[in-house]
Number of protein chains: 2
Amino acid sequence: MNKAIQIDSIDRKIIEALQVNGRLSSQELAERVGSSAASCWRRVRALEEAGVLQETVRLVDPVLLGRGLDVFCQIRLKSQGRSQRAVFETFIDAQQDVVECYSISGDWDYLLHVVAKDVADYERVLMHGILDHDAIASSSSIFVLRRVKHKTAIPVHDL
Amino acid sequence: MNKAIQIDSIDRKIIEALQVNGRLSSQELAERVGSSAASCWRRVRALEEAGVLQETVRLVDPVLLGRGLDVFCQIRLKSQGRSQRAVFETFIDAQQDVVECYSISGDWDYLLHVVAKDVADYERVLMHGILDHDAIASSSSIFVLRRVKHKTAIPVHDL
DNA sequence: TCTGAAACCTCTTCCAT
DNA sequence: ATGGAAGAGGTTTCAGA
């Protein structure tokens, strides 16, 4: 991990390919990027050690798993002190229904992405889970009507 | 795809495990869920065919790839008509820097998740990319100061 | 539904370039 | 640093019980 690395155009293609299909073998990568399997294998290992390539995960269909409601929830804390924030973040980390949490600029302190079963379930998560926390002053929920685009791959065309 | 499926507690464990590590073999899955490799392999295939298990993707470190700035951008369209929305969504789908787009309830029509290099890059993406689009009436940007939590796995403990 | 075994693929190293 | 070759080891897939 965390050894500096120089990324060339072949690395770029490897990263691009693995972000879309994390199961490609060195052989398959080699064919796509125009190199050899051994070379690709070495590059992938180097990119892993540098921390560029992280976990391989399986994506799932939330609707089929009964988690059809996405909500973004903005949170304001009573105080923005370091300890207050640390306690809140530890608390959020333990909340299974909160899949993402960002510290943000502007009127609110945090933006949460909550994955709920339905509105009733969200009410439960929010009122009897999140908002029960002492540190929270107020919140505002943005309900997702539809996922228009949902990618995990970040662009690397301009390295 | 899309054949209805009954998910039992072993399927649940398989989904849980693959959401965290998408490279687990049938053998490894079998050990974790207390079943046989062949059985796990059949279950995984059934879950894939049902559409529950989707792609396997490799996650990357955005900072090491020069994409250290996340911004959430709320968009209001000039009109919410069907064709206006369709045109906008097609446009957004083509924008590499927009990794997520949600149609939302409330004061705004869409919530975009943009991954930019830095503030100057975001200004370019927003002003000379997104806001150039005719359909947009106004926008408001929420800058991410820090990723506190960022999971791709959704909870399945309560199926 | 499981076990076992065959066929297949992949990882990993070594070596010559 | 690269590509080719090759053995060890793991994975998929299909019989047969």
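Residue numbers begin at 1 in each chain, while the letters A, B, ... track the order of the sequences. Just so we're clear, the structure is a prediction, and the values are computed from it rather than from any experiment.
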Step-by-step salt bridge (Lys or Arg N to Asp or Glu O under 4.0 Å) determination, B/Arg45 to B/Glu49: CA-CA 6 Å; B/Arg45 197 160 56 73; B/Glu49 275 163 15; 3.1 Å; yes

Side-chain heavy atoms of A/Ser26 within contact of A/Val44, under 4.5 Å: no

If you measure only the distance, is there a donor-acceptor pair under 3.5 Å linking the side chains of A/Tyr102 and A/His113? no

Please tell me whether A/Leu59 and A/Leu65 are part of a single hydrophobic cluster in this structure, the criterion being side-chain heavy atoms less than 4.5 Å apart. no

Could you go through nucleotides 1-6 of chain C and list every protein N or O atom that sits under 3.5 Å from one of its N or O atoms, giving the distance for each pair?
none

Are A/Ser35 and A/Arg43 close enough that a side-chain donor and a side-chain acceptor fall under 3.5 Å? no

Name every residue in residues 15-30 of chain A that has at least one heavy atom under 4.0 Å from any atom of DNA chain C, in order of residue number, or write none if there are no such residues. A/Ser25, A/Ser26

Answer yes or no: does a side-chain N or O of A/Trp41 lie under 4.0 Å from OP1 or OP2 of C/dT12? yes

Report yes or no: do B/Val144 and A/Leu111 belong to one cluster of Ile/Leu/Val/Met/Phe/Trp/Tyr joined by side chain heavy-atom distances under 4.5 Å? yes

Would you sort out whether B/Asp97 and B/Arg67 count as a salt bridge (Lys or Arg N to Asp or Glu O under 4.0 Å), showing the intermediate values? CA-CA 10 Å; B/Asp97 310 282; B/Arg67 293 275 174 170; 2.8 Å; yes

Is the A/His133 ring parallel, tilted or perpendicular to the A/Phe88 ring (thresholds 30°, 60°)? perpendicular

Determine, using the 4.5 Å side-chain heavy-atom cutoff (strictly less than), whether B/Val125 and B/Val98 are members of one ILVMFWY cluster. yes

Would you kindly give the CD1-to-P distance between A/Ile10 and D/dA1, to the nearest whole Å? 13 Å

Find out if a path of hydrophobic residues (ILVMFWY) with successive side-chain heavy-atom gaps under 4.5 Å connects A/Leu69 to A/Val99. no

Counting Watson-Crick and G-U wobble pairs with both distances under 3.5 Å, what is the dot-bracket string for DNA chain D, 5' to 3', using [ ] for crossing pairs and | for pairs to another strand? |||||||||||||||||

Could you check whether A/Arg43 gets within reach of a base, just the sugar-phosphate, or nothing at all, counting any heavy atom under 4.0 Å? sugar-phosphate

Please give, in whole Å, the distance from C/dT12 C1' to A/Glu48 CD? 14 Å

